[in-house]
Asker: 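I have a structure I would like to understand better, so I am pasting it below and will then ask my questions one at a time.
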Amino acid sequence: MQSYTIGQAARLLGVSPDTARRWADAGRVATHRDEGGRRLIDGRDLAAFSVELAQAAGTGDEEEPYTSARNAFPGIVTAVKLGDIAAQVEIQAGPHRLVSLLTREAVEELGLEVGMQATARVKSTSVHIDRT
C-alpha cells in the first residue's frame with residue numbers, strides 16, 4: 001500500500017504541512033515512521049481522513065452558494081482576457097491552473113479582475129466561476 005509523507009498529505013488535503021503535522025500529533029490521522037525516521041500516513045488512512053474532512057467542511061456555518069457543481073477550486077484570478085463577446089479567465093487554485101471560457105457579460109457582471117478571490121467549479125467538462 002502506498003504511504004504519504006506529511007508534506008505530500010498536506011498537498012493532497014489542501015492544507016499547510018504544519019496543519020497536517022498538528023492533525024497527526026493530535027491523533028486525528030494515524031502515522032508511522034519509515035527507516036529514515038520520516039512520519040508517513042498509509043494511503044487508506046489518508047483517504048478515509050480526507051472524506052471525513054470533506055464531510056465536516058460541509059457542515060460549517062460559512063455562507064456557500066447554492067450550486068449543483070460540487071468540485072470547487074477556490075483560488076485567485078491570475079488573468080482575464082476580454083474579447084468582444086467571449087472572455088477567458090484563469091484561476092490559480094493551489095497547484096491547479098484552471099481556465100474558463102465564458103461570456104464577456106458574465107465576467108463583467110461578476111466584476112472579475114486579476115488578484116481577486118474566486119472559485120472555479122467543475123462539472124463534467126464545464127468550468128463555472130463563482131465570485132467569493
Side-chain angles (χ1 to χ4, degrees):
M1 173 187 338
Q2 182 168 354
S3 292
Y4 297 89
T5 65
I6 295 288
Q8 291 170 325
R11 277 190 299 282
L12 291 169
L13 296 171
V15 299
S16 72
D18 286 337
T19 297
R21 224 175 269 106
R22 283 193 297 274
W23 286 340
D25 290 345
R28 290 188 64 189
V29 62
T31 63
H32 63 278
R33 298 214 180 249
D34 67 3
E35 307 80 39
R38 295 182 310 166
R39 290 198 316 187
L40 299 175
I41 302 170
D42 285 333
R44 289 184 194 273
D45 291 337
L46 184 59
F49 184 63
S50 69
V51 169
E52 177 186 320
L53 284 177
Q55 290 172 342
T59 62
D61 291 335
E62 60 276 349
E63 181 128 352
E64 287 288 325
Y66 292 105
T67 180
S68 64
R70 299 291 179 228
N71 301 315
F73 294 86
I76 187 166
V77 176
T78 56
V80 176
K81 299 174 186 165
L82 296 174
D84 291 336
I85 306 231
Q88 178 178 313
V89 176
E90 293 182 25
I91 293 179
Q92 191 68 40
H96 309 289
R97 177 179 162 263
L98 296 117
V99 179
S100 179
L101 299 175
L102 54 164
T103 65
R104 178 185 181 119
E105 180 180 9
V107 170
E108 290 170 346
E109 284 179 7
L110 289 169
L112 295 175
E113 296 177 354
V114 171
M116 72 184 317
Q117 289 183 337
T119 300
R121 293 190 187 273
V122 180
K123 185 168 183 179
S124 187
T125 58
S126 299
V127 177
H128 306 265
I129 305 291
D130 296 337
R131 181 175 172 181
T132 52

Asker: Apply side-chain contact (heavy atoms from CB on, under 4.5 Å) to L53 and R28, showing your working.
Answerer: CA-CA 10 Å; L53 284 177; R28 290 188 64 189; 3.7 Å; yes
Asker: Is there a donor-acceptor pair closer than 3.5 Å between any side-chain N or O of D42 and the backbone N or O of R44?
Answerer: no
Asker: How far apart are the closest heavy atoms of Q92 and T78, and which atoms are they?
Answerer: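 Looks like CB-CG2, 3.7 Å.
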Asker: Restricting to non-hydrogen atoms, name the atom on M116 and the atom on L112 that form the minimum distance, rounded to 0.1 Å.
Answerer: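 Of all heavy-atom pairs spanning M116 and L112, the closest is SD-CA, 3.3 Å.
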Asker: Over all heavy atoms of both residues, which pair between D45 and V29 is shortest? Give the atoms and the distance, please.
Answerer: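 Heavy-atom minimum between the residues: O-CG2, 4.3 Å.
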Asker: Any idea which heavy atoms bring A93 and F73 closest together, and the distance?
Answerer: CB-CB, 3.7 Å
Asker: Does a salt bridge link D25 with R22, judged by any charged N lying under 4.0 Å from a carboxylate O?
Answerer: no
Asker: Working to the nearest 0.5 angstrom, can you tell me the gap between R38 CZ and T5 OG1?
Answerer: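 Here the interatomic distance stands at 6.0 Å.
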Asker: Quick one: salt bridge (charged side-chain N to carboxylate O under 4.0 Å, His left out) partners of E108, sequence neighbours excluded?
Answerer: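 So E108 forms a salt bridge (charged side-chain N to carboxylate O under 4.0 Å, His left out) with R104.
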Asker: For V99 versus R97, what's the shortest heavy-atom pair and its separation?
Answerer: CG2-NH2, 3.5 Å
Asker: Spell out, yes or no, whether L101 and I91 are grouped together once hydrophobic residues are joined by side-chain heavy atoms under 4.5 Å, including indirect joins.
Answerer: no
Asker: For side-chain contact (heavy atoms from CB on, under 4.5 Å), just list the numbers for L13 and L46, CA-CA rounded to whole Å, side-chain angles, deciding distance to a tenth of an Å, and then say yes or no.
Answerer: CA-CA 9 Å; L13 296 171; L46 184 59; 3.9 Å; yes
Asker: Hey, what do you get for OG1 (T103) to CG (L82), rounding to the nearest 0.5 Å?
Answerer: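 Answer rounded to 0.5 Å: 10.5 Å.
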Asker: Check the pair I41 / F49 against side-chain contact (heavy atoms from CB on, under 4.5 Å), numbers first and verdict last.
Answerer: CA-CA 10 Å; I41 302 170; F49 184 63; over 6 Å; no
Asker: For A24 versus T31, what's the shortest heavy-atom pair and its separation?
Answerer: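 Here A24 and T31 meet closest at CB-CG2, 3.7 Å.
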Asker: With a 4.5 Å cut-off on side-chain heavy-atom distances among I, L, V, M, F, W and Y, is there a chain of contacts connecting Y4 to L40?
Answerer: no
Asker: Could you state whether L110 and V122 fall into the same hydrophobic cluster, counting links through intermediate Ile, Leu, Val, Met, Phe, Trp or Tyr residues with side-chain heavy atoms under 4.5 angstrom apart?
Answerer: yes
